[in-house]
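Residue numbering restarts at 1 for every chain, and letters A, B, ... go by the order of the sequence lines. Hydrogens, waters and symmetry mates play no part in the numbers below; they use all other heavy atoms, side chains included.
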2 protein chains.
Amino acid sequence: LSRAKLPFVSTQDQAASEQWINALGQAMPTETIVRLQDLSEQERARCDVAIVANPDPALLRLLPNLKWVHSVWAGVDRMLAELGATDLNIVRLVDPQLAQTMAEAVLAWTLYLHRDMPTYLAQQKLGLWHAHDYIAPQDKFVGVMGMGALGQAAASKLLQANFKVGGWSRTHSQLNGVQSFTGVDGLVQMLEQTDFLICLLPLTPDTRGLLNSAMMAHLPTRASIINFARGAILIDADLRAALDAGALKHAVLDVFEHEPLAPDSWHWRHERVTVLPHCSGPTSLETASAIVAQNISRFRANGTLPTTVDLKRGY
Amino acid sequence: LSRAKLPFVSTQDQAASEQWINALGQAMPTETIVRLQDLSEQERARCDVAIVANPDPALLRLLPNLKWVHSVWAGVDRMLAELGATDLNIVRLVDPQLAQTMAEAVLAWTLYLHRDMPTYLAQQKLGLWHAHDYIAPQDKFVGVMGMGALGQAAASKLLQANFKVGGWSRTHSQLNGVQSFTGVDGLVQMLEQTDFLICLLPLTPDTRGLLNSAMMAHLPTRASIINFARGAILIDADLRAALDAGALKHAVLDVFEHEPLAPDSWHWRHERVTVLPHCSGPTSLETASAIVAQNISRFRANGTLPTTVDLKRGY
């Protein structure tokens, strides 16, 4: 009996699926990776594992003996919302390369704010020559919300750039030189001293709408926000009100509740907002496929699953 | 006989001079620092050293027994041009803090280009949602022109950010992990592989107009230039022609032949140019004064001068 085929389940268009199937196939030459749609009922019955990218729950139900799925992405909030109540074992991508790329984006856009680029770009439009006082990174505090793989990589890079860095997370983080905050009181304490707030939290029932008016009011008026996590963590109307009132300096937004961002959205034209098209942490097909391959191969060899998503916690 | 007073000689306005005199005074409590204009002829005759910031040569000639001057700035090109033929010993500021701040600016604006910020900012104006392919810093080459204190600090930060880094300088530079280039052939070789060209050269007869059409033609069309050194190193009309022809992607310019940049200058409105108001390497009054103080104190103690500017070389 030959080895069961390995289905790829996704709501992406066919071209995107083909790209994944090719990359995954190169990383796993002994596996036969095909779209779920291309498997016979008999073949489906033999599948105990699938690789997924925003899978349609109805398609997953076509795999009666499925034990677990491996997502090629780090965020599984959308998948969990669509699946509803489930006892499926879900593995999300934990890719050190993604953490590095995301940390680089955090550093890049923190420096964008730190070196006053939005101000200088606005001055250029006005033909205005005016250098602003320079404040050293040693005298600026970056608050990182979420201290998982991405948050820790970002915090390290920010420390290396000489910023003061704090990290807020569910449980205390232990990163040399990073002040650790937990709980609502801890978050308030961190926000009160923050110049640059970096959101790298997973979207869960606990974090949805966490950054609302009341919470943002704890930030100093000199503070700016960078959201590289999920749009729904930040209450959009509250952000706009804070920016309009001058209670916040700037927001760099790479994620939105509905993507792509609608053409008539207020964000595009707000002078205190930088809009990015979900480009801060691009997944590398190559490194992601290598990680998935390693996890699948370990499972084939001895039935071991990687750490699975805590369905109650949501990540 | 009391110690000779220490004159401060500058063409800056009085407020700026007062700021320097205050900061220098705090760093040297045993010295009496005053504007040259406030010294009697007798007091002037006793001065063997002066602190300068773009000094008027006519004023310097009022100090008949002057042995050396200490500039509070790193660049002495303007001073040398105004002094003409001279045998004055000139010491320029070599401030590790300035090197750090400048290196941070190099990293910030290199990441600005690397993470496609000019493109995303332009897309925002158009309401365009489109993420571009990401190329890792390991696959991009940054060429640094000038490997003195500033260039070395910048190269180190760029290495830390995982870029491939090359350095071009008069003599071979020895920085671990940085490819060293010298001479015109070396410059051409470096330019041919450069994604981001960083200019940190001193302005001298050898570097004036160095970046002309012929030299820029060696850069790939994907390349961008960051000039944080002196405007006159880069031939302005040649840069414009290269940008207009699509032979270069972008230029970040912090320095111009005439500053402040004239309101009708083409740079302000060019979509491939980012104009900065000479803000990349702001001098810190505090650290600069501390360094000048140390050098003056050593001279008072045993007559030793710090390394002086090589007048023939120009820095």
A:Ala105 portion near chain B, given a 4.5 angstrom heavy-atom threshold: both
Residues that A:Ala223 engages under side chain to side chain contact (heavy atoms under 4.5 Å, CB included), provided they are two or more places apart: A:Leu219, A:Pro220, A:Leu248
Where does [X] contact chain A at under 4.5 Å (heavy atoms): side chain, backbone, both or neither?
X        : result
B:Ala103 : neither
B:Leu128 : backbone
B:Pro263 : neither

Which atom of A:Ala131 lies closest to which atom of B:Cys279, heavy atoms considered: CB-CB, 4.1 Å
Side chain to side chain, A:Leu107 and B:Leu107, heavy atoms closer than 4.5 Å: yes
Atom pairs, donor to acceptor, chain B/chain A, distance under 3.5 Å:
residue  : atom : partner  : partner atom : Å
B:Thr101 : O    : A:Arg115 : NH1          : 3.1
B:Glu104 : OE1  : A:His114 : NE2          : 2.9
B:Glu104 : OE1  : A:Arg115 : NH1          : 2.9
B:Glu104 : OE1  : A:Tyr134 : OH           : 2.8
B:Glu104 : OE2  : A:His114 : NE2          : 3.2
B:Glu104 : OE2  : A:Tyr134 : OH           : 3.4
B:His114 : NE2  : A:Glu104 : OE1          : 2.9
B:His114 : NE2  : A:Glu104 : OE2          : 3.2
B:Arg115 : NH1  : A:Thr101 : O            : 3.1
B:Arg115 : NH1  : A:Glu104 : OE1          : 2.9
B:Arg115 : NH2  : A:Cys279 : O            : 3.2
B:Arg115 : NH2  : A:Ser280 : O            : 2.7
B:Gln124 : OE1  : A:Val275 : N            : 2.9
B:Gln124 : NE2  : A:Trp268 : O            : 3.1
B:Gln124 : NE2  : A:Val273 : O            : 2.9
B:Tyr134 : OH   : A:Glu104 : OE1          : 2.8
B:Tyr134 : OH   : A:Glu104 : OE2          : 3.4
B:Trp268 : O    : A:Gln124 : NE2          : 3.1
B:Val273 : O    : A:Gln124 : NE2          : 2.9
B:Val275 : N    : A:Gln124 : OE1          : 2.9
B:Cys279 : O    : A:Arg115 : NH2          : 3.2
B:Ser280 : O    : A:Arg115 : NH2          : 2.7

